[in-house]
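Okay, so here's the structure we're looking at.
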Amino acid sequence: MPIEFPVLNFFALSPIIVVIVLALVVMFMDMLSSDKTVLGYLTVFGLFGALMPCVPLLNQTKAPTFQNMVVSDGYAVVFYIIFIVTALLSSLIALTYLENRGMQQGEYYILILLSTSGMMLMAASTDLIVTFLGLEIMSIALYVLAGFNRRSISSGEAGLKYFLLGAFASAFFLYGVAFIYGATGSTNIHEIGGWFSTNEIYQSNPIALVGLALLIIGFAFKVAAVPFHWWTPDVYHGAPTSATAFMAVGAKAAGFAALVRILAISFGGVFTVQWQIAISLLAVITMTSGNIAALAQKDVKRMLAYSSIAHAGYLLVGVAALPASNELYRVQAVSGLLFYLMSYAFMNIGAFAVVALLEKQGKIGTKLSDYTTLSTRQPFVAFVMLLFMFSLTGIPPFIGFWGKWYIFWAAVDANLGWLAAIGMINSAISAFYYLSVVVQMYMHTEQADVETTPIALPAPIAIAVTVTAMFTLLFGLWPTPLINLMSLAVFG
Amino acid sequence: MELTIFIIVAVLSVVSALGVIFNKNVVYSALFLLVNFLTIAVFYLMLNAQFLGMVQILVYAGAIVVLILFVVMLLGEQLGEDISSWVTPANGVIIVLALILLTIIGTAVTDYPTTGAKGDFTPELIQEYGQAEMIGVTLFTDYLLSVQLAGVLLLVGIVGVIWLARNDEQLPATGDVPTKEA
């Protein structure tokens with residue numbers, strides 16, 4: 001059989017290639033260098049290098065590459081930026097956090113980088129096979145990161161729990177892909193969509209519907225949507241805090257990146273009613289139960305884990321708004337989702353950075369009562385935590401407000417006003433637990449038996465909290481540049 | 001003839017799958033898994049996918065079951081727990097849910113035959129070039145990216161396992177005991 005070697009457009013994938021090569025460089029340096037802190041800084045500066053090719057890629061129109069397996073369109077490149085920023089900020093947290101507990105190791109940064117490359121592939125993929133490979137590259141690295149602290153029992157529990165349940169969810173995803181392949185004869189998401197539009201008699205084929213349902217279950221697990229969320233609190237609580245920050249934002253964004261592309265392109269014309277109802281119901285129960293469970297938490301790290309479930313619910317509202325009546329609304333829903341994910345990256349990683357800083361050596365000291373008198377012990381950290389909590393609640397003029405604004409507005413445009421209303425009620429509920437942290441930091445200052453020693457603020461984590469707090473406030477006051485960036489996120 | 005072989009192999013496949021789940025001895029479970037993998041290889045052969053059938057035997061029956069047996073033998077006594085009874089309320093709910101899922105999928109598959117577009121590879125082409133060659137050519141042209149990504153995936157697995165399995169120092173366990181609340 002004659003072989004025709006294909007022409008490959010490596011430049012379109014250059015951010016992913018840079019990240020993978022960076023992981024290999026870190027691996028090599030790990031062998032040579034005994035000071036592992038260097039590897040952390042190498043990761044941080046290397047990720048800046050991965051941001052560079054994103055700029056020319058943004059300005060270039062869509063470039064499908066590798067036999068239409070992946071595409072480099074605005075949507076993918078904006079997601080690259082979200083993932084790289086997430087990895088960058090969480091590596092800064094890790095530099096301090098791992099140092100404090102004597103686990104500064106090269107493997108951590110290698111896994112963060114490889115996991116990031118998997119996320120980027122999920123955003124760029126136009127073929128379900130590549131989506132699956134990206135999902136596995138991301139997930140397997142995250143399983144190890146969750147169990148990275150081998151001295152901690154709860155970290156080990158987190159890694160094992162995440163691995164077992166995650167493997168189960170991957171099986172659901174693969175099963176769904178198999179059914180969709182059986183119904184349409186293709187794994188390429190454009191060809192799947194094309195098959196449905198050219199073969200109208202098969203548009204009600206229940207095999208494809210079963211496949212779609214299984215696919216949504218697989219993604220719902222990855223983004224921690226109720227009722228597929230049982231792993232989330234234990235994993236987020238047990239994992240090293242720097243890894244929790246990374247997976248809470250990165251894995252969620254990657255799940256939504258692939259889910260939105262598949263739903264919009266493959267299933268934009270078929271089964272829209274069915275998946276819109278399914279996603280809306282998921283959104284309602286995810287928001288509500290995430291928020292209600294978070295109310296009862298006495299531990300800030302666990303509370304943030306439940307809050308991240310609630311945020312997955314708000315994002316699902318944006319996904320449910322995708323089958324809007326006209327193209328403009330659809331574009332608005334997508335850019336609203338991306339804006340929310342970017343804002344969530346800033347405020348959530350910031351909040352986890354504060355948790356990581358305050359965690360005591362040895363045992364997990366993340367109780368809400370540990371935050372008492374923080375405003376006198378470390379005024380700067382208390383102030384930025386206040387910003388993050390306000391922003392996560394969605395109070396203007398912080399970035400979290402605009403994220404919710406765009407998502408709920410997209411839902412109203414898609415005739416899902418009731419869903420937006422439930423989302424707003426839930427935002428109000430979330431104020432109780434977010435603001436209780438603020439109350440604890442600022443109001444309870446007179447108690448006698450609490451610690452009063454000042455808290456040191458090492459440089460890497462200080463940079464992380466300062467940058468995230470700055471963006472939370474800056475883009476809250478002036479969101480236009482970020483909105484303009486997100487409006488470039490169109491499908492190729 | 002083909003139907004007879006199919007029925008025999010299918011019954012064997014289901015029985016061995018149940019054997020994996022319900023056997024109390026882990027070694028027997030692993031051996032039942034081996035039988036199950038072999039029956040699936042026979043299915044592939046009957047569907048004219050000879051290459052896939054051989055890969056199934058080499059990779060799953062050959063490598064994976066051996067690996068599972070290795071782990072079982074090494075851990076020995078530490079593995080497994082005594083299951084007093086399979087009849088519990090939780091298992092009842094699981095069986096009902098599984099039956100509902102099976103019914104839905106079964107109805108979808110039997111009532112609506114798969115309708116997908118046919119690929120480029122006709123039986124004549126397969127006759128001419130053979131499956132291994134065509135799969136190889138396809139992998140290194142159309143699916144080149146997937147092959148490369150599988151390499152990255154293996155790298156992730158290796159790095160992760162090396163970290164988790166490293167035993168360079170005796171570390172005291174610290175931290176909260178695992179939490180039980182939801």
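Please read these numbers as outputs of a predicted model, since none were measured by experiment.
Contacts between A/Leu145 and chain B at a heavy-atom distance below 4.5 Å are absent for every atom of the residue. Looking at B/Leu144, the atoms closer than 4.5 Å to chain A (heavy atoms on both sides) all sit in the side chain, from C-beta outward. Proximity to chain B (any heavy atom under 4.5 Å) is restricted, for A/Ile110, to the side chain, taken from C-beta onward. Looking at A/Leu121, the atoms closer than 4.5 Å to chain B (heavy atoms on both sides) all sit in the side chain, from C-beta outward. Looking at A/Tyr175, only its side chain comes within 4.5 Å of chain B, counting heavy atoms on both sides. Residue contact with chain A, scored on non-hydrogen atoms closer than 4.5 Å, involves the backbone and the side chain of B/Val156 alike. For chain B, the nearby parts of A/Phe148 are the backbone and the side chain; heavy atoms of each come within less than 4.5 Å. For chain B, no part of A/Met138 is nearby; none of its heavy atoms comes within less than 4.5 Å. In this structure, no portion of A/Ile180 lies under 4.5 Å from any heavy atom of chain B.
Residues B/Leu149 and A/Ile129 have side chains not in contact (no heavy-atom distance under 4.5 Å, counting atoms from C-beta outward). In this structure, the side chains of A/Leu13 and B/Leu145 come closer than 4.5 Å at one or more pairs of heavy atoms.
Taking CZ of B/Arg166 as the start and CD of A/Gln105 as the end, the distance is 5.0 Å to the nearest 0.5 Å. Between the OH atom in A/Tyr108 and the CH2 atom in B/Trp163 there is a gap of 11.5 Å [rounded to 0.5 Å]. One finds the CG atom of A/Asp127 at 10.0 Å from the CG atom of B/Asp142 (value rounded to the nearest 0.5 Å).
In terms of heavy-atom pairs under 4.5 angstrom with chain B, the leader among A/Phe179, A/Tyr181, A/Phe66, A/Phe132 is A/Phe66. Here A/Leu133 is the residue among A/Leu133, A/Leu214, A/Val130, A/Val210 with the most heavy-atom pairs under 4.5 Å with chain B.
Within a 6.0 Å sphere centred on CZ of B/Phe22, other residues, nucleotides and ligands contribute more than 12 heavy atoms. Crowding of B/Phe43 atom CZ: a count of heavy atoms from other residues, nucleotides or ligands under 6.0 Å exceeding 12. Annotation: A/Phe196, atom CZ; neighbour count of heavy atoms from other residues, nucleotides and ligands within 6.0 Å is above 12.
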Could you walk me through whether B/Tyr143 and A/Gln67 pass the side chain to side chain contact (heavy atoms under 4.5 Å, CB included) test, one step at a time? CA-CA 8 Å; B/Tyr143 291 90; A/Gln67 285 68 51; over 6 Å; no
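Of all heavy-atom pairs between A/Arg150 and B/Ala165, the closest is NH1-C, 4.5 Å. Counting all heavy atoms, side chain and backbone alike, A/Glu107 lies closest to B/Val159 at CG-CG1, 4.2 Å.
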